[in-house]
Amino acid sequence: MLNRTLVTTAMEDTWPAPETPVLFLGEWCRLHRKKGLWQRRDAIVAPYHWDDRAKLYSDYKYLQILYEHLLKDLAAQLNQIHAVDHSLRYWRIIIGPWLGHFVQVLFDRWESIHQAIARFDISETLCVAEQDARMSPNDMMAFITLSCEDAWNYHIYIKILKQFTSVRVVPNGGRSAIELTPAIRYIPVGVQLKRTLLNWYSSAISVAQKDSDAFFLNTYLPNQIEYFFGLRFRQPPQLWRTVAPVEVAIDNSWRQWEVAGESRSTFEACARALIPAQIPVVYLEGYQKIIQQAAALPWPKNPKLIWTSNSWWADDTFKVWAAVKVEQGTPLVIGQHGGGYGMSFWDFTEEHQIAICDRFFTWGWTEPGQAKLKPVGALKTTVYRLNRHRQPTKALLVTYTNPQQSYHLVSAFVGSQWLAYFNDQCNFVSNLTETVRQALTVRLYPTDYGWDQAARWRDRFPTLQLDDGRSKIAHLIRDGQLIMGAFNGTIYLETISLKVPTVIFWNPQHSELRDSAIPYFEDLKRVGVFHESPDSAAKHVNSIWGNVNAWWQSPELQEVLERFSKRYCYTPGDLLNRVEAALRETITEHKTRPRANGEG
């Protein structure tokens, strides 16, 4: 077998001379916009280990077990480092999202490297100069950004190759050091002004609030409703907003340790070795500063309840503040914030949210043995007001992207499997009649992740109407007589709850459903709403296009939609009353419930 140089990312400074045979570690090495470079090379692409979906699920279960071991060990070590004695639940709230995400990402990179070594003859890989400290994120949001960048992934690959393989790592001969893309966050002037006014109002109104007021942040209710929702609890109107975590300089003297505990494999030893260098700054050398920042917030000091739907994941200032309050006895309520919940066969974020909260508000679904689940209804659909003044004539296909390399795990397409997903969408459009295609708009996902969505669509369909993902989705839905989606996400739950004709399709091998959800999707399939192939979906759309409403309003279909909606996107007329009642119930139950040792 021909010896090849291993290329791990799309960074061309890490590639060998053009005449050198290469092994691309994955499709993420071959950017669409750079195909003129890689198409001319003697190159092959290593198969992706998680194309074996049985392996993916088995690995997920293993990683969940490992995550729990690491969380306990790391929590104990952080308590020692910071001279504190916080519970496991406290640390789960703060570091759990990062640790779970990081371990899953690291394992994917590890497996990609080791499977490539096992299958191919690799002569070497090239190494460029880098500064390790620049690869340590300040906070969870910074980590999410970093983990999608080639520079960070290259850094991780080189660490694995140097420390845990025998592959020869060769200096690149004076080529430039890797550079991180600056995280530029553009905020329009109008938004800045609104935030300034809101912060001023929040500070002013804080004198009227009580330390025991219930606290609502990013609940998924519309702003105007969330603003006045506090009146139901006899507290002043308030609309709190996320506060960015403090920026703290990296200090490597804090990072000279490994996570203590038993390593049952070389990978586990790798994880324990790399965590100290990768853990966000605000959990380590910046911990005292973010503690001080959270304590100084004008938020209630002893809230009777905390409710969020979004801030539990990457909002570190909130997480630190909430973890303190939860330890002091405040109940934490988390609201479902999108699709896939209650349906996906596995989902790290769903498991994490249920683990840290006292009550989880669902859009209708329940599960046996899950006492924390409380069906209240679909919070997000209250945002939309369609106000259709004319008969809509458009068709809308809503698309999705994910990072080119894996991130936190859920039963959906992973990494380069997006290419198969994109091909399914193209096959769908190809099989539409010309009449439907002329009425079609394809909405691109607003975050491209380097997939070059627009260019790929233009290559296949030069005259197709594309929306860049920045238009208001409510306006596109309002003008659509038929909305189509090819991903088990949020959009089709919103359109079904809004009673807008909807067709969905996806590869069931890339979006596995849990057993409790399968009967509901079998019903949707029977009436033509759900399809397991692009060909079937296109054939159905062509057949109903002349009279979409006749199909949508058929009694059999409406009966199926009613059952499905009650389970997954329930929109009761008294939604706010149901939410209020569920919050009050949580407060009452929490007052009488004994706290669990180590998690309370």
Side-chain angles (χ1 to χ4, degrees), residues 53 338-347 362-368 375 377-378 381 392 395-400 410-413 420-421 424-425 427-433 436 440 477 480-572:
R53 299 290 289 193
Y341 289 90
M343 305 174 185
S344 298
F345 194 42
W346 65 87
D347 184 346
T362 80
W363 290 8
W365 58 277
T366 59
E367 290 287 355
T381 55
L396 176 67
L397 174 61
V398 181
T399 70
Y400 180 75
V410 59
S411 55
F413 55 83
Y421 164 81
D424 280 347
Q425 294 175 87
N427 290 338
F428 170 74
V429 173
S430 294
N431 284 292
L432 294 176
T433 65
V436 179
L440 178 67
I477 294 173
Q481 68 166 314
L482 182 62
I483 312 300
M484 296 158 289
F487 178 73
N488 188 15
T490 307
I491 187 64
Y492 76 93
L493 298 179
E494 296 170 347
T495 56
I496 287 175
S497 68
L498 292 167
K499 305 187 186 307
V500 175
T502 302
V503 170
I504 55 177
F505 64 95
W506 57 71
N507 179 354
Q509 301 304 314
H510 282 176
S511 294
E512 297 88 341
L513 298 171
R514 65 188 65 175
D515 290 345
S516 60
I518 290 174
Y520 293 89
F521 282 88
E522 287 296 322
D523 284 346
L524 291 181
K525 186 163 61 174
R526 177 168 49 83
V527 296
V529 174
F530 173 55
H531 299 261
E532 294 184 341
S533 75
D535 295 349
S536 171
K539 182 178 179 181
H540 177 69
V541 169
N542 291 337
S543 71
I544 66 173
W545 185 251
N547 197 344
V548 172
N549 282 333
W551 163 71
W552 187 252
Q553 296 299 331
S554 66
E556 181 185 16
L557 187 147
Q558 287 298 312
E559 183 180 341
V560 167
L561 289 178
E562 183 178 1
R563 287 197 300 271
F564 181 87
S565 297
K566 283 185 177 179
R567 175 79 176 178
Y568 294 114
C569 49
Y570 185 41
T571 52

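Under the 4.5 Å side-chain criterion, counting only non-hydrogen atoms from C-beta, F564 is in contact with F521. Counting heavy atoms from C-beta outward, W346 and R514 have side chains that stay 4.5 Å or more apart. Looking at heavy atoms from C-beta onward, F487 lies in side-chain contact with Y421 at the 4.5 angstrom threshold. No side-chain heavy atom of D424 sits less than 4.5 Å from a side-chain heavy atom of H510. By the 4.5 Å heavy-atom criterion applied to side chains, N488 and S344 are counted as neighbours. For the pair I491/I477, a side-chain contact is recorded, criterion being any heavy-atom separation below 4.5 Å from C-beta on. Using a 4.5 Å cut-off on side-chain heavy atoms (C-beta onward), V548 and V541 make no contact. A 4.5 Å side-chain heavy-atom check between W545 and T433 finds every atom pair outside the cut-off.
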What verdict does the side chain to side chain contact (heavy atoms under 4.5 Å, CB included) test give for D535 and F505, after you've listed the backbone C-alpha separation in whole Å, the side-chain angles of each residue and the deciding distance to 0.1 Å? CA-CA 10 Å; D535 295 349; F505 64 95; over 6 Å; no
Pair L561-W552, side chain to side chain contact (heavy atoms under 4.5 Å, CB included): steps then yes or no: CA-CA 10 Å; L561 289 178; W552 187 252; 3.4 Å; yes
Apply side chain to side chain contact (heavy atoms under 4.5 Å, CB included) to the pair Y568 and L493, showing each step before the final yes or no. CA-CA 7 Å; Y568 294 114; L493 298 179; 4.2 Å; yes
Step by step, would you call E522 with R526 a salt bridge (charged side-chain N to carboxylate O under 4.0 Å, His left out)? CA-CA 6 Å; E522 287 296 322; R526 177 168 49 83; over 6 Å; no
Go through the steps for V398 and T495 under the test side chain to side chain contact (heavy atoms under 4.5 Å, CB included), then give the verdict. CA-CA 11 Å; V398 181; T495 56; over 6 Å; no
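One finds the CZ atom of R53 at 7.0 Å from the OG atom of S411 (value rounded to the nearest 0.5 Å). Atoms CZ and OG, on F428 and S536 in that order, are 10.0 Å from each other to the nearest 0.5 Å. Here the NZ atom belonging to K525 is positioned 3.5 Å from the CD atom belonging to E532, to the nearest 0.5 angstrom. Of the inter-residue distances, the one linking D523 atom CG with I518 atom CD1 reads 12.5 Å to the nearest 0.5 angstrom. Here the straight-line distance linking atom NZ of K566 with atom OG1 of T571 works out to 11.0 Å at 0.5 Å rounding. Note: L397 CG to I483 CD1 = 10.0 Å, rounded to the nearest 0.5 Å.
The main-chain N or O of P508 is never found under 3.5 Å from a side-chain atom of S511 such that the two would form a donor-acceptor pair. Side-chain atoms of N507 do not come within 3.5 Å of backbone N or O of F413 as any donor-acceptor pair.
Here R563 pairs with E559 in a salt bridge; the nearest charged N to carboxylate O distance falls below 4.0 Å.
Using cut-offs of 30° and 60° for the angle between ring planes, the Y492 and W506 rings count as tilted. H531 and H540 have tilted rings, their planes meeting at an angle from 30° to 60° on a 0 to 90° scale.
Considering every non-hydrogen atom in both S516 and P519, the closest pair reads O-CD, 3.7 Å. What you find for R567 and E367 is that their closest heavy atoms are NH2-OE2, 4.1 Å. Shortest non-hydrogen contact noted between T502 and W551 is O-CH2, 3.5 Å. Taking every heavy atom of both residues into account, M484 and A395 meet most closely at CE-CB, 3.7 Å. Between G339 and T490, the shortest heavy-atom distance links the atoms N-OG1, 2.9 Å. Nearest heavy-atom pair across P375 and T366 is CG-CG2, 3.2 Å.
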